[in-house]
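What follows is a short report on a single structure.
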Amino acid sequence: MDIVIIGLLLGGTYALIAMGLNLQYGVARIMNLANGEMLVAGGFTAFWFYTAGNISPLLTIFIVAPVAFAANWLIYRIMLEPLVRRAKSRGQLEVDSILATFGMSFIAVGLMLAFFGGDYFNYSFLAVPVTIMGDTYAQNRVVAFLAAVVICAILYAWITYSRTGLSLRAIAVSPESARLAGINVRQRAAIAFALGGAITAVGGALISSFLTLDASAGVAFTLKALIIVIMGGVGDVRGTIIAALLLGVVETLVASLIDPGLTLAAAYTLFILVLLFRPQGLFGRKPT
């Protein structure tokens, strides 16, 4: 039970990170390899506000979210939208976006190294034990998990029931059909990409309260987010949440019972098994 609870606490924050990439890839059709760098930037911001002004990361997310939204909206409009316009197929767009965002990730790492240096950073926020079902856990992990649950629930309800959310789901299924229905695909794609970046940055601010990060740590989170999105089914919010929780439990199980150094290997093993036996993801539809 201890392993399950720790895994769920970790998986909840993974869900928040992967949700951002799911919006960017599932709706905007951009495979963003700089997603992890946006997470680290959110973590750096939370670290700076907490160490400089003793401002809680839970309050910092209200600053991180709009700034990250605006930054990602500009990135999409200036750097990625020209790729979308010239792409003659979804395959070409994916290749072009992978190459472009791969370069963006190096630029982001360089900027963070210039501004924050290459040292690891962490801070002590709610680093006190809390008892759950007779066992003690770090309060910062529990708070980050609860915040992630609230954000994921709000996002899920917005995508499921709001008019804008329904249009994003329509674009994820078929951009061409959505365009025929009068949906401004270009505008909605920009919103989805910006919102995905904002959610990822918020996830970084929450994770920084209990994980040690550095400027080059983003690539590991990008890979984990990609694994979760593929496992859950591209464009499926429900699948992303369940896949993230599953990954968190598997990683905790391997770290506790076998070797902490094998957690990434366990994640990739699970990913390969899904690709072999359920290539469309846990909740994805089989191609017709």
Side-chain angles (χ1 to χ4, degrees), residues 1-22 35-51 53-68 120-133 135-156 195-214 217-218 220-222 224-225 227-228 237 240-253 255-256 260 263 267:
M1 184 57 66
D2 183 58
I3 292 174
V4 171
I5 293 176
I6 293 175
L8 292 177
L9 293 177
L10 179 62
T13 49
Y14 278 173
L16 196 59
I17 299 167
M19 198 77 74
L21 184 61
N22 199 11
N35 183 67
E37 280 64 41
M38 185 57 60
L39 177 144
V40 175
F44 266 130
T45 304
F47 167 78
W48 186 83
F49 273 101
Y50 187 80
T51 54
N54 202 31
I55 300 175
S56 166
L58 299 177
L59 296 178
T60 304
I61 63 176
F62 293 101
I63 301 173
V64 168
V67 172
Y120 289 93
F121 68 94
N122 59 14
Y123 54 96
S124 180
F125 172 72
L126 296 181
V128 294
V130 59
T131 302
I132 301 176
M133 300 179 66
D135 291 310
T136 57
Y137 305 93
Q139 189 173 348
N140 46 22
R141 287 180 176 265
V142 176
V143 170
F145 171 79
L146 294 176
V149 168
V150 171
I151 294 171
C152 286
I154 293 173
L155 181 64
Y156 180 79
L195 182 59
I199 292 170
T200 299
V202 167
L206 294 175
I207 280 182
S208 68
S209 65
F210 60 87
L211 285 183
T212 299
L213 300 173
D214 73 305
F221 291 101
T222 299
K224 288 186 179 181
I227 289 172
I228 292 168
V237 174
T240 297
I241 295 172
I242 294 176
L245 296 176
L246 178 61
L247 181 63
V249 172
V250 169
E251 284 193 356
T252 305
L253 182 69
S256 302
T263 54

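In terms of heavy atoms, Ala201 sits closest to Val64 at CB-CG1, 3.4 Å. Among all heavy-atom pairs drawn from Gly20 and Thr200, the shortest one is CA-OG1, 3.6 Å.
Ser208 meets the side chain to side chain donor-acceptor pair (under 3.5 Å) test with Tyr123; sequence neighbours excluded. Evaluation of the side chain to side chain donor-acceptor pair (under 3.5 Å) rule for Tyr50 yields no partner, not counting sequence neighbours. Legend: residues meeting side chain to side chain contact (heavy atoms under 4.5 Å, CB included) with Ile6, ordered by chain and number and at least two apart, are Asp2, Tyr137, Thr252. Evaluation of the side chain to side chain contact (heavy atoms under 4.5 Å, CB included) rule for Ala225 yields Ile17, Ala18, Leu21, Asn35 as partners, not counting sequence neighbours. Residues satisfying the side chain to side chain donor-acceptor pair (under 3.5 Å) criterion with Thr212, sequence neighbours excluded, are Asn122. Take Phe49 and apply the ring pair (Phe, Tyr, Trp, His ring centres under 6.0 Å) test, not counting sequence neighbours, and it matches no residue. Checked against side chain to side chain contact (heavy atoms under 4.5 Å, CB included), Ala267 has the following partners two or more places apart in sequence or in another chain: Ile227, Leu247, Glu251. Listed by chain and residue number, nothing satisfies the side chain to side chain contact (heavy atoms under 4.5 Å, CB included) test with Phe62 (two or more places apart in sequence, or in another chain).
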Output a table of donor-acceptor pairs, distance under 3.5 Å, between side-chain atoms of residues 140-153 and any protein atom two or more places apart or on a different chain; print 'none' if there are none.
from	atom 1	to	atom 2	distance (Å)
Asn140	ND2	Phe125	O	3.2
Asn140	ND2	Ser209	O	3.2

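With rounding to the nearest 0.5 Å, the separation of CZ in Phe221 from CG in Leu213 is 5.5 Å. The structure places NZ of Lys224 at 11.0 Å from CG of Leu39, a figure rounded to the nearest 0.5 Å. With rounding to the nearest 0.5 angstrom, the OG1 atom of Thr240 is 11.0 Å from the CG atom of Leu245. Rounding to the nearest 0.5 Å places OH of Tyr156 at 8.0 Å from CD1 of Ile241. Remark: Glu37 CD to Thr222 OG1 distance equals 5.0 Å, nearest 0.5 Å. We find the OG1-CG distance between Thr13 and Leu206 to be 8.0 Å, quoted to the nearest 0.5 Å.
A donor-acceptor contact shorter than 3.5 Å is absent between the side chain of Ser256 and the backbone of Leu253.
Among residues at least two apart or in separate chains, there is no side-chain hydrogen bond (donor to acceptor under 3.5 Å, both in side chains) pair with a member in residues 144-154.
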